[in-house]
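Note that the structure is predicted; figures quoted are calculated from it, not measured. Naming convention: chains lettered A, B, ... in sequence-line order (proteins, then strands); numbering from 1 in each chain.
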Amino acid sequence: MLLDLESIPLFDHHCHGVVRRDLDRAAFEALLTEADGAGPLGGSMFDTQAGLAVRRWCAPVLDLSPHAEPDAYLARRAELGASEVNRRFLAAAGLSGLCVDTGYLPESMLEPAELGKLAGAPAHEVVRLETVAEQVASEGMSVGAFTGEVRARLAARAATAAGAKSIAAYRAGLELAGERPRDNEVAQAAARLLREADRAMAGRSAPPRVCDEVMHRFLVWCAVDLGLPVQFHVGYGDSETDLRRGDPLLLTDLLRAVQPTGVPMMLLHNYPFHRQAGYLAQVFPHVFVDVGLATHNLGHRAPALVAELLELAPFGKVLYSSDAFGLAEFHHLGALLFRRALARYLREGVADDAWTEHDARRLAGLVAEGNARRAYGR
Amino acid sequence: MLLDLESIPLFDHHCHGVVRRDLDRAAFEALLTEADGAGPLGGSMFDTQAGLAVRRWCAPVLDLSPHAEPDAYLARRAELGASEVNRRFLAAAGLSGLCVDTGYLPESMLEPAELGKLAGAPAHEVVRLETVAEQVASEGMSVGAFTGEVRARLAARAATAAGAKSIAAYRAGLELAGERPRDNEVAQAAARLLREADRAMAGRSAPPRVCDEVMHRFLVWCAVDLGLPVQFHVGYGDSETDLRRGDPLLLTDLLRAVQPTGVPMMLLHNYPFHRQAGYLAQVFPHVFVDVGLATHNLGHRAPALVAELLELAPFGKVLYSSDAFGLAEFHHLGALLFRRALARYLREGVADDAWTEHDARRLAGLVAEGNARRAYGR
Amino acid sequence: MLLDLESIPLFDHHCHGVVRRDLDRAAFEALLTEADGAGPLGGSMFDTQAGLAVRRWCAPVLDLSPHAEPDAYLARRAELGASEVNRRFLAAAGLSGLCVDTGYLPESMLEPAELGKLAGAPAHEVVRLETVAEQVASEGMSVGAFTGEVRARLAARAATAAGAKSIAAYRAGLELAGERPRDNEVAQAAARLLREADRAMAGRSAPPRVCDEVMHRFLVWCAVDLGLPVQFHVGYGDSETDLRRGDPLLLTDLLRAVQPTGVPMMLLHNYPFHRQAGYLAQVFPHVFVDVGLATHNLGHRAPALVAELLELAPFGKVLYSSDAFGLAEFHHLGALLFRRALARYLREGVADDAWTEHDARRLAGLVAEGNARRAYGR
């Protein structure tokens with residue numbers, strides 16, 4: 001009997017909300033990949049692996065034939081309305097749990113509880129560290145009070161949150177030093193952030209943004225001290241990232257420093273550095289990896305991605321995430337493509353007699369759900 | 001019906017001339033890969049993917065059986081003579097257009113017009129930026145006149161040229177800053193180059209070489225100001241390159257700075273950083289990518305290369321180039337291997353129901369020719 | 001007739017000793033991958049490609065069924081005893097020669113001669129450069145005598161040793177400058193090392209460790225001057241390495257500087273930078289590459305690894321190594337997986353008519369044995 005993972009429940013340990021509004025073609029294409037949208041030189045974003053996969057796998061969920069043309073797809077999507085579309089894709093994902101990063105909300109999106117209800121599974125929050133620091137700074141704190149207040153806020157959130165998230169890769173980069181920052185370093189970094197906040201309150205600059213190696217690192221250690229697993233954006237992202245500074249190997253010193261605490265460190269996305277991430281997951285006992293975001297953006301190539309991740313990463317250290325953001329389609333598509341990629345990989349191994357069907361089922365269970373439940377204690 | 005791209009016309013947006021002389025085995029092997037030739041430790045360059053592919057696919061064009069032995073191949077090549085050999089391979093390539101980089105001529109090679117005539121397709125020139133600057137410097141210019149003269153020469157060439165080419169990767173590296181160089185910076189860089197030129201004229205040094213971040217960057221902006229698409233050597237090259245400095249991610253800041261102009265930026269070769277290049281092609285609307293040079297050097301593995309490039313690179317942003325240089329074989333081999341790789345990739349997707357045959361044909365047309373015509377306006 | 005390499009003799013140009021003692025499950029798992037062993041978060045190291053491959057391929061050598069469960073495997077291993085286990089796996093490897101790195105011995109291991117006897121093949125020593133320098137330093141030398149003594153020791157070892165090994169990647173990193181270190185630089189580096197040795201002799205610090213760009217580089221040039229091929233640890237290793245500093249491209253300047261001597265430089269392991277290593281093997285006539293260590297750690301994925309290495313690396317520049325360390329299993333497993341990966345790659349090329357069966361056999365012979373014999377003169 002063929003190994004079939006079509007209905008295996010997945011624990012999505014990192015995803016985001018989806019938009020509540022209906023989307024025209026330009027708005028949909030702007031959310032379809034990490035590009036800002038279609039352009040005069042490059043043509044439609046539907047002509048990508050993500051776009052082709054949406055047409056193939058999402059159209060049937062909206063009662064269309066596979067491979068529906070983009071305009072037909074968007075017309076049907078509008079006809080059903082955003083609520084119904086969101087309901088269908090979350091239900092189709094087949095999740096047994098979700099961890100939702102609530103730290104980036106350019107517009108109103110479904111809350112974790114709403115996502116969980118549609119998915120029929122418990123939804124947990126992931127606290128974005130930099131957002132907490134920026135909120136505290138915006139409230140006009142003194143330097144002396146800042147770090148205490150940040151710790152207090154995080155402690156309060158940690159009572160229910162499943163983990164924390166760092167976006168250092170998008171700001172100062174992942175080259176975080178291998179030691180706790182000293183108090184005076186943190187105070188200096190806090191002072192800078194608070195000055196920015198002052199200027200912003202006076203209408204003289206944009207809201208304060210954490211973009212400082214010391215502050216990113218301080219926040220990571222705050223989460224570690226609370227025992228909160230820390231998720232790191234790594235690798236692939238939009239044009240605002242500097243992909244070179246998102247290489248997971250830059251985290252080596254920090255990972256080594258955190259190792260004695262035993263707090264799990266989660267490397268998200270990782271493409272095109274997923275082999276490097278797999279190495280870290282093997283040699284550091286507290287490091288976990290996934291290929292969220294990349295999975296649906298690679299579409300038809302997702303099996304190659306999963307196979308490369310599983311070269312060095314132990315089966316006990318690989319997690320599933322969709323990193324769905326904005327479009328409900330990606331909650332479904334990420335799950336579908338990951339299940340199919342994992343199944344293909346494990347089936348080929350069985351066919352080649354590399355492992356048994358029994359082992360394949362057991363290992364699939366670890367990756368789909370078991371590892372996340374163990375690491376997050378959920 | 002199987003998708004067949006065997007006769008789809010290709011627009012080769014980056015290639016070079018081929019030698020006019022007959023080649024003995026040592027001379028042929030010296031042009032066969034990016035190595036200087038066969039060596040006592042490593043054996044024949046025919047024992048490479050490029051060498052095996054030449055024997056497989058080029059021998060029949062010379063009326064030999066596939067897999068002809070190297071000496072038999074070279075004997076037949078000599079018997080036909082270079083002119084006939086060049087004629088056959090250019091005709092076999094099946095091109096609908098060529099852009100020819102004329103900036104590197106260690107010996108007399110076929111001119112663009114000659115290549116175009118043999119290929120039966122329009123041939124356009126690509127101006128090598130550093131070569132123009134070095135020529136101007138060699139003429140004994142004042143610092144004050146230098147930049148104006150460079151701009152004037154490029155403007156004159158731009159009247160007919162399809163694009164410009166930067167070899168910063170071979171010199172100062174691709175880490176070019178994300179802003180126009182200031183006038184005084186350019187003047188200083190020009191002064192250095194002109195001093196070199198003076199010493200060379202006095203017979204006290206080699207001809208002047210642009211090898212200065214500011215000068216490379218100045219030249220790129222000259223091309224951008226003329227609206228000329230800029231091709232960058234990226235990644236794979238000969239032993240004179242420092243491959244670490246040829247990582248396309250090093251160009252991120254420059255690409256971001258050029259983005260508002262809308263002038264296309266073309267990343268050539270890219271191997272082994274082709275996935276990184278695919279990311280840039282997705283998130284920057286003016287960035288295009290290819291895997292020229294790598295395609296024929298990977299030979300039998302070209303399908304894996306093309307599949308990896310197409311993970312993140314939108315189908316609307318991928319171009320074909322051979323980067324053929326020296327040997328006419330590569331005009332044929334690059335085209336043949338690229339067509340086969342693209343066809344295999346698209347056929348497998350159809351077989352897996354990842355996209356339709358109709359979409360596959362349309363997307364093949366973009367990559368083969370449509371994108372280049374749109375980006376270069378030819 | 002299918003190309004069958006199951007019994008082709010392999011020359012293992014880089015391996016280590018194996019332990020003499022029996023191993024319980026924790027001790028076995030600690031040697032199974034580059035992780036320190038099983039952990040509470042990540043589960044068993046048997047749930048890795050290496051672990052699954054041991055169960056599949058090594059169990060039958062111990063008279064068990066393929067895919068034996070870990071505990072059953074270890075029970076049978078204990079029942080046979082370490083000596084018998086070592087005997088079986090070395091014999092099963094099918095080697096025609098071994099080069100054994102004797103520089104890292106955390107416990108008593110089989111000596112080269114013992115390995116050779118079990119393998120039924122000549123075993124040669126590879127001298128670890130840093131170990132020699134540390135031994136000399138520990139003997140309480142003057143700075144003035146140090147370099148002469150190091151050179152003398154290496155010269156004595158060179159009389160029988162097949163090559164030298166540098167672990168710069170584990171210490172100062174591979175970014176070694178492209179010139180011989182000057183005498184005064186070496187003297188300064190020697191003085192530092194000797195001061196460390198003094199403190200260690202006084203019981204005030206750990207034994208001296210070479211961890212200095214100049215000293216690593218000096219040692220490499222000592223080997224070059226003796227005509228000894230130099231092996232470099234590159235890429236994949238345990239958690240003590242900093243993988244970013246193990247990128248083979250960091251060696252570019254040094255390789256260029258050594259090129260005129262013609263002394264072979266061997267890049268070991270290389271994963272995940274094996275494509276970069278393949279590039280170096282193509283463009284530098286004295287550079288050879290392998291994918292030891294990675295081969296058995298990738299297990300079922302070894303064919304993908306070998307195929308990627310052979311993209312740019314000429315067939316005349318690829319070597320076989322197991323990098324087996326500690327567990328005798330890896331002498332067998334490395335050889336078996338490499339043979340199968342190479343055979344699959346070559347067979348697929350024959351099936352696709354990319355090369356002939358005749359060429360495939362010839363190229364297999366180069367990689368399996370011929371290149372190593374030519375490079376090491378053995």
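Heavy atoms closer than 4.5 Å to chain C are found in the backbone of B/Asp238, but not in its side chain. The contact between C/Leu250 and chain B is made by backbone and side chain atoms together, counting heavy-atom distances below 4.5 Å. No part of C/Phe273 comes within reach of chain B, as not one of its non-hydrogen atoms sits under 4.5 angstrom from that chain. Contact annotation for C/Leu280: neither backbone nor side-chain heavy atoms come within less than 4.5 Å of a heavy atom of chain B. Both the backbone and the side chain of B/Thr241 come within contact range of chain C, with heavy atoms under 4.5 Å apart.
Most heavy-atom pairs under 4.5 Å with chain C: of the set B/Ala304, B/Gly42, B/Ala38, this distinction falls to B/Gly42. Taking chain B as the reference chain and counting heavy-atom pairs below 4.5 Å, the highest number among C/Ala307, C/Gly349, C/Ala375 is found for C/Ala307. Ranked by non-hydrogen atom pairs under 4.5 Å with chain B, the options C/Asp359, C/Asn371, C/Val287, C/Asp247 are led by C/Asp359. Counting heavy-atom pairs closer than 4.5 Å to chain B, the top-ranked of the candidates C/Leu366, C/Asp253, C/Leu310, C/Leu312 is C/Leu312. Between chain C and the options B/His300, B/Arg55, B/Met45, heavy-atom pairs under 4.5 Å are most frequent for B/His300. Between chain C and the options B/Ala50, B/Ala302, B/Gly237, heavy-atom pairs under 4.5 Å are most frequent for B/Gly237. Among C/Asp353, C/Asp352, C/Thr252, the residue with the largest count of heavy-atom pairs under 4.5 Å with chain B is C/Asp353.
B/Glu6 and B/Arg339 are not joined by a salt bridge, as no carboxylate oxygen comes within less than 4.0 angstrom of a charged side-chain nitrogen. Salt bridge status for C/Asp212 with C/Arg217: absent, with no side-chain N to carboxylate O gap under 4.0 Å. B/Asp63 and B/Arg88 are joined by a salt bridge, as a carboxylate oxygen and a charged side-chain nitrogen come within less than 4.0 angstrom of each other. Salt-bridge annotation for B/Glu311 and B/Arg275: present, with a side-chain N of the basic residue lying under 4.0 Å from a carboxylate O of the acidic one.
Relative ring orientation between C/Phe315 and C/Trp355 is described as perpendicular, the plane-to-plane angle rising above 60° on a 0-90° scale split at 30° and 60°. Taking the six-membered ring where the residue is Trp, B/Tyr236 and B/Tyr271 present perpendicular rings, their angle passing 60° and hence far from 30°. The aromatic rings of C/Phe284 and C/His286 lie perpendicular to each other, with more than 60° between the two planes, well past the 30° mark.
Shown here are the side chain to side chain contact (heavy atoms under 4.5 Å, CB included) partners of B/Ala59, two or more places apart in sequence or in another chain: B/Leu64, B/Ala68, B/Tyr73.
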